[in-house]
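Below you'll find the structure, written out as structure tokens, and then a few comments.
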Amino acid sequence: MSIETNDLLSALFEDHRARVSTRVSKQKLAKGDTLYDPGDTIEYCYFPCGAAMATYYVVMDDGAAVETATVGREGALGGIVSHGRLPAFARSTVLHGGTFLKIPLRELEQLKEDLPSVGRLFNRYADCFVAQVFQSVACNATHTIEQRVARWLTAAIERTGTNDMAITQEQLGELLGVGRTYASRVLQRFKARSIIDIRRGRLVILDEDALRQTACSCNSVIADHFSKVLGGIYPE
């Protein structure tokens with residue numbers, strides 16, 4: 001099975017890619033499908049392919065779920081570096097449906113033991129993923145909602161390759177940990193500036209350059225770190 005549509009797996013040596021490809025299976029997942037809930041035993045590692053995208057949420061005591069990191073074709077979800085039984089800490093949900101490759105954790109762990117370069121690749125990705133979470137925390141604490149909305153939409157464009165996002169204003173507010181009213185105000189300002197168009201259940205980006213100029217620098221910071229640690233796999 002081809003694994004070329006996931007950039008993390010495509011970064012493996014050719015002969016190692018061939019070996020990994022015999023262990024993965026393909027699964028179509030739709031927006032809203034849940035990969036893990038907190039406390040679930042993680043049995044598979046998932047690799048988004050192409051335009052597929054998933055996210056991690058931390059679920060709070062009141063039931064609110066706040067996004068901590070988005071993962072597209074540059075990465076993986078679940079059991080990246082750990083060994084043995086793994087209870088999920090965060091909820092993981094599909095944001096943009098598509099093809100996901102998955103591999104049982106026991107087989108991934110065996111590949112890491114048999115092929116040290118596979119383990120090193122995942123260790124480097126784990127470093128990048130932690131950097132992404134760190135940057136997300138700092139962004140949420142210091143940047144305006146307008147900057148964060150623009151950053152999120154820009155990152156989604158980079159990962160999915162489309163300017164048409166199947167997301168509501170309420171869902172975007174939940175992702176960013178703000179109320180629907182705040183998210184709606186920002187989006188209406190973007191619409192007034194002809195940066196986006198708001199349609200039923202969708203946001204269409206009309207002016208990507210203006211959106212990037214409005215966003216904070218967090219996407220660029222993460223892309224730069226990926227480039228240094230894992231050159232060439234972060235979407236542009």
Side-chain angles (χ1 to χ4, degrees), residues 3-13 16-17 20 24 35-36 42 44-58 66-83 86 88-96 98-103 105 108-109 111-112 115-143 147-148 150-161 175-176 212 215-236:
I3 59 177
E4 300 300 325
T5 52
N6 177 272
D7 294 341
L8 181 62
L9 292 180
S10 68
L12 290 166
F13 294 124
H16 294 174
R17 288 202 306 271
V20 172
V24 299
L35 303 180
Y36 318 108
I42 298 177
Y44 293 92
C45 182
Y46 290 87
F47 303 89
C49 296
M53 186 170 67
T55 190
Y56 284 105
Y57 297 93
V58 172
V66 180
E67 184 189 49
T68 56
T70 300
V71 180
R73 65 182 185 273
E74 81 285 352
L77 302 99
I80 299 167
V81 294
S82 302
H83 295 270
L86 292 172
F89 177 78
R91 176 179 298 158
S92 182
T93 303
V94 176
L95 278 180
H96 196 276
T99 299
F100 287 71
L101 300 178
K102 67 178 185 179
I103 184 171
L105 282 194
L108 180 58
E109 291 171 5
L111 284 168
K112 290 177 184 177
L115 305 171
S117 68
V118 175
R120 288 194 293 269
L121 178 70
F122 276 80
N123 288 339
R124 285 178 172 271
Y125 173 67
D127 175 273
C128 292
F129 181 78
V130 170
Q132 187 179 347
V133 174
F134 285 170
Q135 193 69 31
S136 176
V137 171
C139 181
N140 291 343
T142 61
H143 293 146
Q147 288 175 310
R148 291 163 56 200
R151 172 191 60 80
W152 193 93
L153 291 173
T154 299
I157 292 171
E158 291 170 347
R159 286 178 169 87
T160 63
L175 284 168
L176 298 175
R212 292 183 184 277
C216 55
S217 63
C218 290
N219 284 343
S220 298
V221 170
I222 293 302
D224 183 61
H225 188 70
F226 264 80
S227 178
K228 292 174 181 175
V229 179
L230 276 174
I233 75 163
Y234 196 80
E236 296 182 358

Q: Would you check if Leu175 and Leu95 make a side-chain contact, meaning some heavy-atom pair closer than 4.5 Å?
A: yes
Q) Any sub-3.5 Å donor-acceptor pair from Thr154's side-chain atoms to Ala150's backbone N or O? A) yes
**Q.** Donor-acceptor contact below 3.5 Å, side chain Asn6 vs main chain Cys49
**A.** no
Q) So do Tyr57 and Thr68 actually touch side chain to side chain, heavy atoms under 4.5 Å? A) no
Q. Counting N and O atoms only, with roles assigned by atom type, does the side chain of Arg73 sit under 3.5 Å from a partner on the main chain of Arg159, one being a donor and the other an acceptor?
A. yes
(Q) If we ignore hydrogens and angles and just use 3.5 Å, is the side chain of His16 paired with the main-chain N or O of Leu115 as donor and acceptor? (A) no
Q.
Is any side-chain heavy atom of Thr93 closer than 4.5 Å to one of Arg91?
A. yes
Q) At their closest point, which heavy atom of Leu35 faces which heavy atom of Ala54, and how far apart are they? A) CD1-CB, 4.4 Å
**Q.** Closest contact, heavy atoms only, Thr55 versus Glu67
**A.** OG1-OE2, 2.7 Å
Q: For Val71 and Met53, run side-chain contact (heavy atoms from CB on, under 4.5 Å): C-alpha distance rounded to whole Å, both residues' side-chain angles, the deciding distance at 0.1 Å, then the answer.
A: CA-CA 6 Å; Val71 180; Met53 186 170 67; over 6 Å; no
Q: Please round to the nearest 0.5 Å and tell me the distance separating atom NE2 of His143 and atom SG of Cys218.
A: 4.5 Å
Q. Is there a donor-acceptor pair under 3.5 Å between the side chain of Gln135 and the backbone N or O of Val133?
A. no
Q) Are any non-hydrogen side-chain atoms of Tyr46 and Leu101 less than 4.5 angstrom apart? A) no
Q: Tell me whether the centres of the aromatic rings in Phe129 and Tyr56 are closer together than 6.0 Å.
A: yes
Q) Counting N and O atoms only, with roles assigned by atom type, does the side chain of Arg17 sit under 3.5 Å from a partner on the main chain of Ser10, one being a donor and the other an acceptor? A) yes
Q.
Rounded at 0.5 Å granularity, tell me how far CZ in Phe122 sits from OG in Ser117.
A. 10.5 Å
Q: Indicate yes or no for a side-chain donor-acceptor contact from Tyr36 to the backbone of Leu77 under 3.5 Å, with no hydrogens or angles considered.
A: yes
Q) Any donor and acceptor pair, going by atom type alone, linking the side chain of Asp224 with main-chain N or O of Ser220 inside 3.5 Å? A) no
Q. Can you name the nearest heavy-atom pair linking Phe100 to Val94, along with the distance?
A. CZ-CG2, 4.0 Å
Q. How close do Gly119 and Lys112 get, heavy atom to heavy atom, and via which atoms?
A. CA-CG, 3.9 Å
**Q.** CZ-CG distance between Arg151 and Asn219, expressed to the nearest 0.5 angstrom
**A.** 6.0 Å
(Q) Please report the interatomic distance CG(Leu8) to CG(Leu121), rounded to the nearest 0.5 Å. (A) 4.5 Å
Q) Is Arg212 salt-bridged to Glu158, cutoff N-O under 4.0 Å? A) yes
**Q.** Rounded distance [0.5 Å steps], CZ in Phe47 versus OG1 in Thr5
**A.** 11.5 Å
Q.
Whether the side chain of Thr160 engages the backbone of Ala156 through a donor-acceptor N/O pair (distance < 3.5 Å, no angle test) should be reported.
A. yes
Q) Roughly how far, to the nearest 0.5 Å, is the NZ atom of Lys102 from the SG atom of Cys45? A) 12.0 Å
Q) Looking only at heavy atoms, which two atoms of Leu9 and Val20 are closest? And how far apart? A) CD2-CG1, 4.3 Å
Q. Any side-chain heavy atom of Tyr44 within less than 4.5 Å of one from Ile103?
A. no
Q) Quick check: does any side chain N or O of Arg124 sit under 3.5 Å from a backbone N or O of Val229, one acting as donor and the other as acceptor? A) yes
(Q) How close do Pro48 and Ala76 get, counting heavy atoms only, and between which atoms? (A) CD-CA, 4.5 Å
